[in-house]
Amino acid sequence: MSVTIKLPDASKRDYEKPVSCAEIAEDISPSLARAAIAASVDGKMVDLAAEISDGTHELRLLTSRDAEALEVLRHSAAHVLAQAVVRRFGRDVQYTIGPALMDDYQYGFYYDFDLPRPLGHEDLETIEAQMRKIVAEKIPIERIGLPVAQAKARFAELGQDYKIEMIDDLVRDEAVEAVSLYRQGDFLDMCRGPHLPDTGRLGKAFKLLTTAGAYWRGDENNKMLTRVYGIAFFDGKDLKEHLDRVEEAKKRDHRVLGKQLGLFMLSDEVGPGLPLWLPKGSILRMELEGWLRDELLKRGYQSVITPHIGKIHLWKTSGHYPYYEHGLFPTMKTGDDDESGYLLKPMNCPFHIQIYKSSQRSYRELPVRLSEFGTVYRFEQSGELSGLTRVRGFTQDDAHIFCTPQQLEAEIESCVALTKLCLETLEMNDYRVRIGLRDPDDAKYVGSGENWDRAEQNIRNVVRKVGLDYTEEVGEAAFYGPKIDFVVKDCIGRDWQLGTIQVDYNLPERFSLEYIGADNSPHRPVMIHRAPLGSPERFIGILIEHFAGAFPLWLAPVQVAVLTVSDKFNDYAEKIRDDLRAAGIRTDLDNSPEKIGAKIRKATMAKVPYMAVIGAREQEASTAAVRARREGDLGAMAVGQFVDALKREIETKGKHTLLNKGG
RNA sequence: GCUGCUGUAGCUCAGUGGUAGAGCGCGUCCUUGGUAAGGACGAGGUCAUGGGUUCGACCCCCAUCAGCAGCCCCA
């Protein structure tokens, strides 16, 4: 028997007998042996202690420089956490699962426990202290392969019912006969690994962050466990950087900035999830919606306006009612039967469908594109509400396109282009595209399989044609059809769906929609439900975070702050303000008895794009000393010149600015 | 909805079983100052709401409401 090891530098090593990865590392260099965390053999991650026997194998020794090694570190951190919790609670704790998190913005690992009592802040400190002790003890982490029956017996001795359940599932789903366990001193867990060679290698750069509830197996019908979240790195510097970055990101939280900048408010008196737009926030909406309205007109959309409530049967016909009753505000009853009530609308489509049906449609009219900024109401679970991104009353930049099957893909394509235009105009380039498909096993999806297959194929054809990078996700479709979603992350890494394009063969059937074709006989149109922003509420919430409240000039609630050096120049400053306002520039005057430095600071913190400083020199020369939010003093300009430059920057949405002149 | 944490002035927060404080903001006055904080004085709070324990509750207990984190959900 002989073993040949191929290393990443293409060198080879031969051994006469089975050899562990750790031994090979030692042979190469003692420093590598010390730095090694785990290994990759033929592309598979293993422990350093893993033995390689017979044959030729490719080996990579993983150190803290390898991305995979961080995952091992965090996974072991989860085990150390579990060991600490077991030491604290003994047989009263059941430990379940504890993975590493590599893509999460805040957290690096967690472990879910079934505990006799809730954990508080002090508990986290105690547990973290115990973890540091376990690290100091440098307990070896050993892998043990055991037949299923023996493994179950061991966990039965330890009173770990969840582990037994997990083993049973592995036997059922994967027909395993043996499982791998990891032991570190007094702690035993079932795990695929790999892990650090000993607990000492976890080091000091870890921290427990928070506790939260989490359902066992993610099912709300199961018991809620206690999840402990933490973060771990190889280097204390990385840990600090991470914590600082999360802290910094929280400063751009739209809920914080919305309050600071006076954009919107939520009131206990009004109700949860029902935002009130303050004057400055209303500007954002008016500018954004106004711009989009113009773009829609250019693209042949027609504007419609529909009411906020309608008869309940509309949503019974559409299919919303039976599946989403829990998400609706309670029905307004007008009689004793179930049919005669009104519903606060959860979506606009039944109304737009009625408008489509209001006259006989010829194929010559199609596509009919009916658009509306329609406000809808959904009774979201209280635990879901969050600032502007998840609310109970929100507007959709909605439209429904009714077209022939032949026109469908071109229409989808133009919706994709419009959505991209929205994101690009606002410099939001950090998004992903998700295609939501139905889950054939889920009963909530209406309509025939053929309709779904057709619609899914239409969508794939378009995204391939326009070359979008996308992922397909089963179970993410709307109940009536598949969709293309544009998904962005908020300041703490949570995903939010913004723009959406949904293909629907089903509602036209349910509402018996028709058009008269060239053959003089009725045909069924296809519908597209689409919202390029998704919802102005959510979109602006994300937008606030994207710009950290420092909006481009065309959106800025206050575009220019006129600041007087002393009140001797109030009259001239008022004239400048009035001139700017007359030119359509949103301008505020600060003639308070403060020094100019304080006024500049105040306007800067309010994130006003431009300031016009007015003193004796400016008054004499009929100029304004212009200052930009970020760049500082730009020197004096004639007022007319300033206005022209501002207008140009506004009209070009920032492509030509006072600074770059546009090129 | 579930689990946990939190709720004190407009905002951010400190605080104590014996009826409350800071900074910012706000108001008045002084200062008339040239590119990120001039000074003085002052007004502002049923300590989320409702019960309970106590001689006495902002503080302890319970409930409700709301916020935050996570889970589940999301047309």
Side-chain angles (χ1 to χ4, degrees), chain A residues 104 106-107 110 112 115 117-121 123-124 209-229 250 253 255-256 259-260 262 265-273 315 318-321 323-324 326-328 345-350 376 378-387 390 396 398 436 444 446 475-481 483 492 494 496-497 500 502 504 507 529 531 563-570 592-605 611-618 625-629 632-635:
Chain A
D104 195 276
Q106 297 186 73
Y107 306 128
Y110 67 81
D112 284 350
L115 287 168
R117 64 169 180 83
L119 297 180
H121 296 135
D123 291 307
L124 276 192
L209 296 171
T210 189
T211 59
Y215 299 108
W216 167 237
R217 296 185 176 289
D219 185 335
E220 63 177 327
N221 299 311
N222 288 339
K223 183 164 183 184
M224 180 157 278
L225 308 172
T226 302
R227 175 170 296 180
V228 179
Y229 280 99
K250 283 179 180 165
D253 187 320
R255 293 165 296 188
V256 174
K259 204 176 268 179
Q260 266 172 23
M265 62 180 278
L266 291 156
S267 155
D268 285 6
E269 304 294 316
V270 174
W315 287 278
S318 70
H320 290 101
Y321 194 82
Y323 293 120
Y324 298 108
H326 65 275
L328 304 173
K345 69 174 170 183
M347 51 183 5
N348 303 302
C349 34
V376 298
R378 301 176 183 174
F379 197 78
E380 305 285 0
Q381 293 184 5
S382 60
E384 284 315 322
L385 302 174
S386 179
R390 190 81 180 261
Q396 294 178 316
D398 210 356
K444 79 172 182 181
V446 301
E476 286 293 329
F479 78 92
Y480 45 73
K483 55 181 184 163
I492 51 174
R494 289 182 289 207
W496 297 102
Q497 174 200 311
T500 184
Q502 311 174 348
D504 180 7
L507 294 193
H529 310 239
L563 313 177
T564 50
V565 170
S566 94
D567 58 14
K568 282 183 280 197
F569 314 109
N570 281 357
S592 65
E594 283 297 336
K595 289 193 175 180
I596 189 66
K599 293 185 190 184
I600 287 170
R601 180 167 190 270
K602 197 173 164 196
T604 307
M605 294 204 304
M611 287 159 246
V613 176
I614 303 302
R617 296 198 291 269
E618 290 72 24
V626 177
R627 188 186 161 93
R629 179 169 51 194
D633 194 355
L634 303 181

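This is a predicted model, so every value here is computed, not measured. Residue numbering restarts at 1 for every chain, and letters A, B, ... go by the order of the sequence lines.
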**Prompt:** Partners of A:Tyr229 by ring-ring contact (aromatic ring centres under 6.0 Å, His included), sequence neighbours excluded?
**Reply:** A:Tyr107, A:Tyr110
At 4.0 Å (heavy atoms only), tell me whether [X] reaches a base, stays on the sugar-phosphate, or touches nothing.
X        : value
A:Gln396 : nothing
A:Arg627 : base
A:Gly597 : sugar-phosphate
A:Tyr229 : sugar-phosphate
A:Arg255 : sugar-phosphate
A:Pro118 : sugar-phosphate
A:Ile492 : sugar-phosphate
A:Leu328 : base
A:Asp268 : sugar-phosphate
A:Lys223 : nothing
A:Leu266 : nothing
A:Gly632 : nothing
A:Gln106 : sugar-phosphate
A:Lys602 : sugar-phosphate

Take atom [atom1] in [N] and the same atom in [M], then report the distance between them in whole Å.
N     : M     : atom1 : answer
B:C62 : B:U54 : C1'   : 16 Å
B:A37 : B:G33 : C1'   : 14 Å
B:G15 : B:G50 : C1'   : 25 Å
B:C73 : B:C2  : P     : 16 Å
B:C47 : B:G7  : C1'   : 10 Å
B:C11 : B:G25 : P     : 15 Å
B:U16 : B:C58 : C1'   : 9 Å
B:A14 : B:U28 : P     : 32 Å

Is there a donor-acceptor pair under 3.5 Å between the side chain of [X] and the backbone N or O of [Y]?
X        : Y        : value
A:Arg378 : A:Pro346 : yes
A:Lys599 : A:Thr564 : yes
A:Asp567 : A:Asn570 : no

Rounded to whole Å, how long is the line connecting atom [atom1] of [X] with atom [atom2] of [N]?
X        : N     : atom1 : atom2 : value
A:Lys595 : B:G33 : NZ    : P     : 9 Å
A:Arg629 : B:U35 : CZ    : P     : 22 Å
A:Ile596 : B:U35 : CD1   : P     : 9 Å

**Asked** Is the glycosidic angle of B:G15 within 90° of 0, making it syn, or outside that range, making it anti?
**Response**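 Because its glycosidic torsion lies more than 90° from 0, B:G15 adopts the anti conformation.
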Between [options], which nucleotide has the shortest distance from any of its atoms to the side chain of [X]?
X        : options             : result
A:Ala625 : B:G34, B:G70, B:A75 : B:G34
A:Arg601 : B:U32, B:A37, B:G34 : B:A37
A:Tyr215 : B:G1, B:G33, B:G38  : B:G1
A:Asp633 : B:A75, B:U35, B:G34 : B:U35
A:Asp567 : B:U35, B:G70, B:G33 : B:G33
A:Ser566 : B:G33, B:G34, B:C71 : B:G33
A:Lys259 : B:C11, B:C2, B:G34  : B:C11

**Asked** Can you list the stems that RNA chain B is part of, where a stem is at least 3 pairs in a row, each Watson-Crick or G-U, with both distances below 3.5 Å?
**Response** B:1-7 with B:65-71, B:10-13 with B:21-24, B:26-30 with B:38-42, B:48-52 with B:60-64
Can you name the nearest heavy-atom pair linking [X] to [Y], along with the distance?
X        : Y        : result
A:Pro350 : A:Trp315 : CG-NE1, 3.5 Å
A:Lys483 : A:Glu476 : CE-O, 2.8 Å
A:Asp123 : A:Pro118 : OD2-O, 3.9 Å
A:Asp112 : A:Ala214 : OD2-CB, 4.0 Å

**Request:** Name the orientation class of the two ring planes belonging to A:Tyr480 and A:His529 (parallel below 30°, tilted from 30 to 60°, perpendicular beyond 60°).
**Result:** parallel
**Complete:** Note: for A:Met347 and A:Glu618 on RNA chain B, the residue whose nearest nucleotide lies more 5' is A:Glu618
Does a side-chain N or O of [X] approach OP1 or OP2 of [N] to a distance below 4.0 Å, or not?
X        : N     : value
A:Arg494 : B:A69 : yes
A:Ser382 : B:G1  : yes
A:Lys444 : B:A75 : yes

**Message:** Is it true that A:Ser566 and A:Lys595 share a donor-acceptor pair across their side chains at a distance under 3.5 Å?
**Reply:** no
